[in-house]
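All remarks here apply to the structure that follows.
From a predicted model like this one, the values you see are computed outputs, not experimental measurements.
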Amino acid sequence: MAPAQTQQHQATVVLPDGRKVVDEVSGWLRVFDDGSIDRTWTGPPEALPLMQRVEPYAVPRDGHTLHDLPREGEPDLRVYLPELKDPAAAGCLPVIVQLHGGGFCISDPSWLMYHHFYARLACAVPAVVVTAQLPLAPEHRLPAQMDAGVDVLRRLRSIVTSDAAGTLEDPAAELLRKAADVSRVFLVGDSSGGNLVHHVAARVGEDGEDVWAPLRVAGGVPIHPGFVRATRSRSELENTSDSVFFTLDMADKFLAMSLPEGATKDHPFTCPMGPNAPPLESVPLPPMLVAVAEKDLIRDTNLEYCDALRAAGKEVEVLINRDMSHSFYLNKFAVDMDPTTGERAQELIDAIKSFVARH
């Protein structure tokens with residue numbers, strides 16, 4: 001595998017305004033010679049509804065409310081708050097911090113594909129679910145996304161530890177402060193967001209409990225994490241993708257755009273179980289629940305990560321999503337219409353609920 005760096009097209013595309021396309025990920029992203037980026041979706045139109053923005057709502061829907069908490073200079077948060085039947089439960093809800101995927105280059109947590117799953121998860125656990133728009137490559141290469149994940153936790157801690165009611169400017173922030181128990185924070189990430197779960201949790205662990213108190217990362221849930229090696233795994237060679245949302249070409253190009261210049265996929269950001277990464281025995285990690293899709297292109301490296309955690313003495317549980325492919329649960333239409341996909345999505349929700357309850 002060649003080093004992870006962008007490649008020039010053999011046939012240069014020139015736009016009417018004179019800009020030249022110097023790299024692209026088909027359907028998803030174009031990079032121009034002036035450094036500008038176009039993320040206009042140009043793929044199959046049937047996929048577009050999954051990328052429509054869901055607006056916030058303070059009036060409950062399906063047992064929860066949805067709030068946006070923008071703040072200049074800090075990560076903009078999106079918060080799902082389940083309705084509580086028992087008022088005594090206020091202040092006792094665990095917090096799920098969702099770190100979105102997209103190969104570090106695309107995605108928005110307001111998209112329908114994320115919304116339908118995390119709204120459902122908030123009600124099922126029940127838990128406060130906090131998401132945030134992460135910086136995107138190639139404008140912001142790694143570790144920018146990891147830095148942002150840590151900043152999300154900092155802002156969450158700041159809101160919840162405000163001294164008294166009424167000191168927060170945003171009413172939604174006050175609702176978050178009242179509902180959340182930040183001593184039980186769980187990092188959940190899909191695909192490249194799964195990489196962030198590992199690295200953000202490690203950073204918090206390295207800082208130590210005293211630095212973050214009362215916030216505590218009680219567990220991590222990498223879902224189909226983007227852990228790979230520079231050489232193709234057997235599953236990458238033998239499995240075939242059935243989704244426009246994940247192909248080997250996408251993975252290769254997105255990682256070329258997001259890893260540090262000149263790095264290969266053996267970099268610790270994408271291969272924390274490899275020889276270039278710190279020994280996992282030395283990495284402070286919380287208990288992990290790793291979801292692995294049986295038909296995922298990167299199934300084998302996901303399982304290798306789990307084996308490496310076990311060998312390092314870490315607490316890890318593995319959920320195999322039988323007959324499923326990468327990030328299947330984000331496809332709302334498949335979850336709603338295909339009984340098997342719906343059943344596997346429910347199994348994933350049930351596993352996360354159980355994991356949170358036990359930690």
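Two rings, from F245 and H326, have their centers 6.0 Å or more apart. Taking the six-membered ring wherever Trp is involved, the centroid distance between the rings of Y57 and H64 falls below 6.0 Å. The ring of Y305 has its center closer than 6.0 angstrom to the ring center of H198.
Looking at L248 and R232, their side chains come closer than 4.5 Å, going by heavy atoms from C-beta outward.
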Do L153 and V217 pass the side-chain contact (heavy atoms from CB on, under 4.5 Å) test, and can you show the C-alpha distance, the side-chain angles, and the key distance before you say yes or no? CA-CA 9 Å; L153 294 181; V217 174; 4.2 Å; yes

Does the ring pair (Phe, Tyr, Trp, His ring centres under 6.0 Å) test come out yes or no for H67 and Y80, once each step is laid out? CA-CA 7 Å; H67 311 268; Y80 294 87; 9.3 Å; no

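For the atom pair OG of S110 and CZ of R78, the computed distance is 5.0 Å after rounding to the nearest 0.5 Å. Taking CG of L136 as the reference point, atom OG of S107 lies at 8.0 Å (rounded to 0.5 Å).
More than 12 heavy-atom neighbours from other residues, nucleotides or ligands sit within 6.0 angstrom of NZ on K314. Applying the 6.0 Å contact sphere to CZ of R234 captures no more than 12 heavy atoms from other residues, nucleotides or ligands. Heavy atoms of other residues, nucleotides or ligands lying less than 6.0 angstrom from CD of E83 number more than 12.
Using a 3.5 Å distance cut-off with no hydrogens or angles, the side chains of H115 and Q52 do not pair a donor with an acceptor.
Note on ring orientation: taking the six-membered ring where Trp is involved, the planes of F269 and H267 are tilted (angle from 30° to 60°).
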